[in-house]
Amino acid sequence: MIKNFPLEQTVKPLLEWFQNNARTLPWRENPTPYHVWVSEIMLQQTRVEAVKPYFERFIKALPEISSLAECEEERLLKLWEGLGYYNRARNMQEAARTVIKEHGGQLPADYEKLLKLKGVGHYTAGAIASIAYGIPVPAVDGNVLRVITRVSADDSDIMKQSFRTKVEGALQAIIPKDQASPFNQALMELGATVCLPGGAPQCDKCPWQDFCEAYRQDLWSEIPVKSKAKPRKIEEKTVFIIQDEEKIVLRKRPSRGLLAGLYEFPNISGHLSEEEALLWLKEQNLSPIRIRKLEPAKHIFSHVEWHMTGYVIRVDELAEQKGNMMFVEQAESEERYPIPAAFGAYTKYINIRLGNEKFSGGS
DNA sequence: AATTCGGGGCC
DNA sequence: GGCCCAGAATT
């Protein structure tokens, strides 16, 4: 792995490079344990540029651990809306309540205790411990794995848990006891800004160029090795934008599974013809006055694709709510309810005025 | 060890 | 279209 590689000699140039090249990031301005924690949860599988505006809004809305612990789930999910992996938010709130109850309201300055918090794994526990408290433990994320495998020309599969554990062990041996925070951040920063994924790395800017085996052997495009994900499943859906003069129909998704607890437009499996759509509406005790077919839309998740079509439907009046259908003021629908980006192609039809198209027949 | 969790930006 | 991202929980 990191064999034949004098890591001790690498620490100084790395730290020096970081001092001169660290990006200005919102969570670096005042790195309290809470700020570090929130940022690290948001940054899981999510790019820095995407996190920035969410982080600033989140900290303003919930400035302390106690405010997170006490926040309504609806509001919490609204703050997370569009960021994805929504269980991160719920898990963080559960952990916040644990911190209040069991740790006197302060994040523990202890790697093992951090690791026990919901939503905090090896990486995040290491990041909080080192960055917020200066505890010398590694924080091995995708950036670190890329940097380490390249500099040592290691062709291990970085998707394997066992390899990540080996890298943690190797880094634990060389992490400077009094510089854990800059050391860990420097490794990640190097991976994020110089030792790039995708395109060509900027080796001419790298403090480790002199002894990088991938550079010497021109292997950057071969390393890191990552086993391929299995192909996504495709699901066909028909989405209904159902509204009267003032209200629109939403549903709350189940509390487990994909997009758990978020709100959606009513939708069912399959691509329905207009006749089938009208039949389904009748089964829901909804009486359409007008209907218009909408353009197809696609949304890609990590493990599934939704291939959607839609109808916008005008009904006379949305009166008593049936089953899991909710009748919501159109003006409040997007303002108040967290609706995932998957439905983004159809949100523009909220409050649309249909003309005279009615039961046009055919597809 | 494998699968399930989002969404977007860049090749 | 494929890849990857400051990963973790569940099965």
Side-chain angles (χ1 to χ4, degrees), chain A residues 22-23 25-28 31 35-55 77 80-92 94-95 114-132 138-147 157-165 168 181 184-193 195-200 221 224-234 253-262 264 298-306 338-345:
Chain A
R23 291 169 291 180
L25 299 173
W27 42 92
R28 285 179 176 165
H35 290 180
V36 173
W37 180 27
V38 172
S39 71
E40 292 301 342
I41 299 296
M42 286 186 169
L43 286 162
Q44 289 170 5
Q45 297 290 285
T46 309
R47 295 175 188 280
V48 164
E49 289 307 316
V51 167
K52 281 180 181 174
Y54 282 90
F55 176 82
L77 289 174
W80 213 267
E81 179 186 51
L83 198 54
Y85 287 152
Y86 297 92
N87 276 329
R88 290 184 295 179
R90 270 188 291 262
N91 288 340
M92 188 166 59
E94 184 180 335
L114 289 167
L115 195 54
K116 286 181 180 159
L117 295 173
K118 201 74 177 258
V120 177
H122 288 85
Y123 163 73
T124 305
I128 298 172
S130 61
I131 298 172
V140 177
D141 71 337
N143 289 312
V144 175
L145 287 171
R146 184 170 55 258
V147 169
D157 182 355
I158 64 167
M159 297 301 281
K160 288 200 179 300
Q161 183 83 5
S162 54
F163 182 68
R164 196 209 58 195
T165 304
E168 284 176 352
S181 172
N184 283 340
Q185 292 193 74
L187 275 179
M188 293 190 270
E189 195 86 353
L190 190 59
T193 65
C195 196
L196 303 170
S221 62
V225 172
K226 202 170 180 179
S227 52
K228 284 185 183 116
K230 73 170 195 180
R232 286 185 290 265
K233 196 177 307 176
I234 294 175
R253 292 179 59 87
S255 57
R256 302 178 62 89
L258 184 65
L259 303 172
L262 277 76
E264 64 180 1
K298 182 173 4 177
H299 189 81
I300 300 174
F301 299 94
S302 302
H303 59 297
V304 64
E305 291 184 27
W306 283 359
I339 300 172
F343 296 95

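Within every chain, numbering begins at 1; the chains are lettered A, B, ... in the order of the sequence lines, protein sequences first and strands thereafter. No hydrogens, no waters, no symmetry mates; every other heavy atom, side chains included, goes into these values. Being a predicted model, the structure only gives us computed values, none of them experimental.
Within 4.0 Å of A/K298, counting heavy atoms only, lie sugar-phosphate atoms of the nucleic acid but no base atom. As judged by a 4.0 angstrom heavy-atom cut-off over every strand, A/R256 is placed among residues touching the sugar-phosphate backbone only. When heavy atoms are screened at a 4.0 angstrom cut-off, A/K226 is found touching the sugar-phosphate backbone but no base atom. Residue-level contact check: A/G198 touches neither bases nor backbone, having no heavy atom under 4.0 Å from any strand.
Between C/dA8 and B/dG8, the distance separating the two P atoms is 22 Å to the nearest Å. As rounded to the nearest Å, C/dA6 and B/dT3 have P atoms that lie 25 Å from one another.
Residue order along DNA chain C, read from the 5' end via each residue's closest nucleotide, puts A/R232 first among A/R232 and A/N91. Comparing A/L25 and A/G119 along DNA chain C, the residue whose closest nucleotide (by nearest heavy atom) sits nearer the 5' end is A/L25.
Side-chain proximity of A/V48 to C/dA6, B/dC5, C/dT10: nearest is C/dA6. For A/Y86, counting side-chain heavy atoms from C-beta on, the closest listed nucleotide (B/dG7, C/dA6, C/dC5) is B/dG7.
Computed from coordinates, the A/Y54 OH to C/dA6 C1' distance equals 18 Å when rounded to whole Å.
Ion pair A/K233/A/E305 not flagged as a salt bridge, since none of the NZ, NE, NH1 or NH2 atoms sits closer than 4.0 Å to an Asp/Glu carboxylate oxygen.
Counting only N and O atoms by type, the side chains of A/T46 and A/R88 include a donor and acceptor under 3.5 Å apart.
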Is there a ring pair (Phe, Tyr, Trp, His ring centres under 6.0 Å) between A/F301 and A/H299? Walk through the geometry before answering.
CA-CA 7 Å; A/F301 299 94; A/H299 189 81; 4.7 Å; yes
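Between the side chain of A/S302 and the base of B/dG6, at least one donor-acceptor pair of N or O atoms lies under 3.5 Å. At a cut-off of 3.5 angstrom, the base of B/dC5 holds no donor-acceptor pair with the side chain of A/R88.
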